Visitor: 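The structure's right below; bear with me while I get my questions together.
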Amino acid sequence: MDSNDAGRGLGGGQTGGREEWGSRLGFILATLGSAIGLGNIWRFSYVAGDNGGGAFLLVYLVAILAIGLPLLLAELALGRHGRSDIVQTFARVVPQRPSAQWPWRVVALTVVAGAALILSYYSVIAGWTLRYFVDYLVDLLVPVAAGPVARDHAAAFAEFIADPVAPVGWHALFMGLTVGVVVLGVRGGIEAASRILLPLLGLIVLGLAVYSLTLPGAMAGVAFLFAPDWSALAERRVYLAALGQAFFSLGLSMGVMTTYGSYLSRRHRLPGASATIVAGDTLFAVIAGLAIFPAVFALGMLPSQGPTLAFVVLPQVFAGMPGGGNFALAFFALLAAAALTSAISLLEVAVAYAVRRWAFSRRRAAVAVGTGIFLLGLPSALGFGVLSGVQILGRGILDAVDTAVSALVLPLAGIAFAVLVGWVWARHEALAAADLTGHWLARPWLCLLRYGAPAVVAVILLRSLGAL
Ligand code: PHE
């Protein structure tokens, strides 16, 4: 494939050697592919389930619009302007004196590390989805085998994740796939994968939601998701959970959108692209919620089950459906695929850095960084079995890392991005990079970045840290 298309710029590229997206649609699909992932299905459903459903959704929507959208535009603008990895991009927009350069260098490197940390446990969960996929496949091909359809799902899942070997193996396999796509390059790997996988994923989740809604008792699930329980709004943790989920689901402040933006040519209009990505990601999460909650309630289960929700409830739903095995197969294949299109974006942040910083080949960078991230994920992979004794603030390892990322790393990095683009970057340059010069949205955008986002995020963080 055309992994060597560097240099064949599509016009508008200033630096001859940098790879670029093949088309506007390809870019939108790749960024949507990054945004849509386990966060929309696995994470959204359990966080909404733990935080009161409808009330959570409301706070989440406000967070997405008021903070997510402006930050997404800021990151894309930063990336397209910098046309490099995140560390060099930061260096290009902050004042050239050393006292301004080094602190932002530290921030940028922290962001690269944050992306690696997310991928380390993201890959573990993605590994679970791969294993479910293979299980259902075996079940379909060898109908007599007692596959997941015949089992007690909660017990089977608990047994699987407690195993000392299997979760590590699936984690390794998933990281291998992620490295494989990234090796193929921006257009031949990342864009091509997103083009194929994303439309399929949309169809499957829609089909599942329609089915779920026809189950007897489904409306209780719809009510849970859409009818706000106002008393939940009095709980501080709901705000932090919604904010963290907004950052996680849009894949914000981890340098992903900055890096993807760096492969854009000038022909794209960023405000429209940002709105499309936000709308697509949110719609996907809501539809996934409609696939999951009606089924949870129809089966008489509780929505607040934590991170295992999708892995225990859905197999139960599939088991009760005529032809459920096929549906399950498709669902877990595509869940793994959604995870893959997000994982490649997380890996690309560090790969882009390594390629520029140490002049590594793309292949070498992807393999080296991928191996490091695999090792970093081992404690998360083993945290339900061998390492289940390790509890951090009452949580298992994976849960603790996920909470630390969404409640601390992402919001703090979000403030850093808002300050960088709102205050540090020259105003006219930032506006031009965001395609907002002379636009009526220029002022609201800058205001949100300068005051709104940092203030709201800081207040929510400070008020709720005690409630973790
Ligand atoms: N947005 C992805 C998801 O919803 C995860 C992700 C987080 C991707 C952070 C990039 C950066 O699954």
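In this chain, numbering begins with 1 at the start of the sequence shown. Since the model is a prediction, treat every value here as computed from it, not as a measurement. Both ligands and their constituent atoms are indexed starting at 1 by order of listing.
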Visitor: Are Glu20 and Arg80 close enough for a salt bridge, meaning some N to O gap below 4.0 Å?
Guide: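 Salt bridge absent between Glu20 and Arg80.
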
Visitor: Does the ring centre of Trp42 sit less than 6.0 Å away from the ring centre of Tyr46?
Guide: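 Yes, ring centres under 6.0 Å apart.
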
Visitor: With distance as the sole criterion, is a donor-acceptor pair present between the side chains of Arg18 and Ser262 under 3.5 Å?
Guide: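 A pair is found: one side chain offers a donor N or O, the other an acceptor, under 3.5 Å apart.
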
Visitor: Quick check on ligand 1: any N or O pairs to the protein under 3.5 Å? One line per pair.
Guide:
residue  : atom   : partner : partner atom : Å
ligand 1 : 1 (N)  : Ser34   : O            : 3.2
ligand 1 : 1 (N)  : Ala35   : O            : 2.9
ligand 1 : 1 (N)  : Phe248  : O            : 2.8
ligand 1 : 1 (N)  : Ser249  : O            : 3.0
ligand 1 : 4 (O)  : Ala35   : O            : 2.9
ligand 1 : 4 (O)  : Gly39   : N            : 3.3
ligand 1 : 4 (O)  : Asn40   : OD1          : 3.3
ligand 1 : 12 (O) : Leu38   : N            : 3.1
ligand 1 : 12 (O) : Gly39   : N            : 2.7
ligand 1 : 12 (O) : Tyr122  : OH           : 2.5

Visitor: Below 30° counts as parallel, above 60° as perpendicular, anything between as tilted: where do the rings of Phe27 and Trp21 land?
Guide: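 Tilted: the ring planes of Phe27 and Trp21 meet at 30° to 60°.
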
Visitor: Ignoring hydrogens and geometry beyond distance, is a side-chain donor-acceptor pair present between Arg92 and Ser84 at under 3.5 Å?
Guide: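 Not at all, the side chains of Arg92 and Ser84 share no donor-acceptor pair under 3.5 Å.
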
Visitor: What class does the angle between the rings of Phe157 and Phe311 fall in, given that below 30° is parallel, 30 to 60° is tilted and above 60° is perpendicular?
Guide: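 Answer is parallel, since the angle falls under 30°.
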
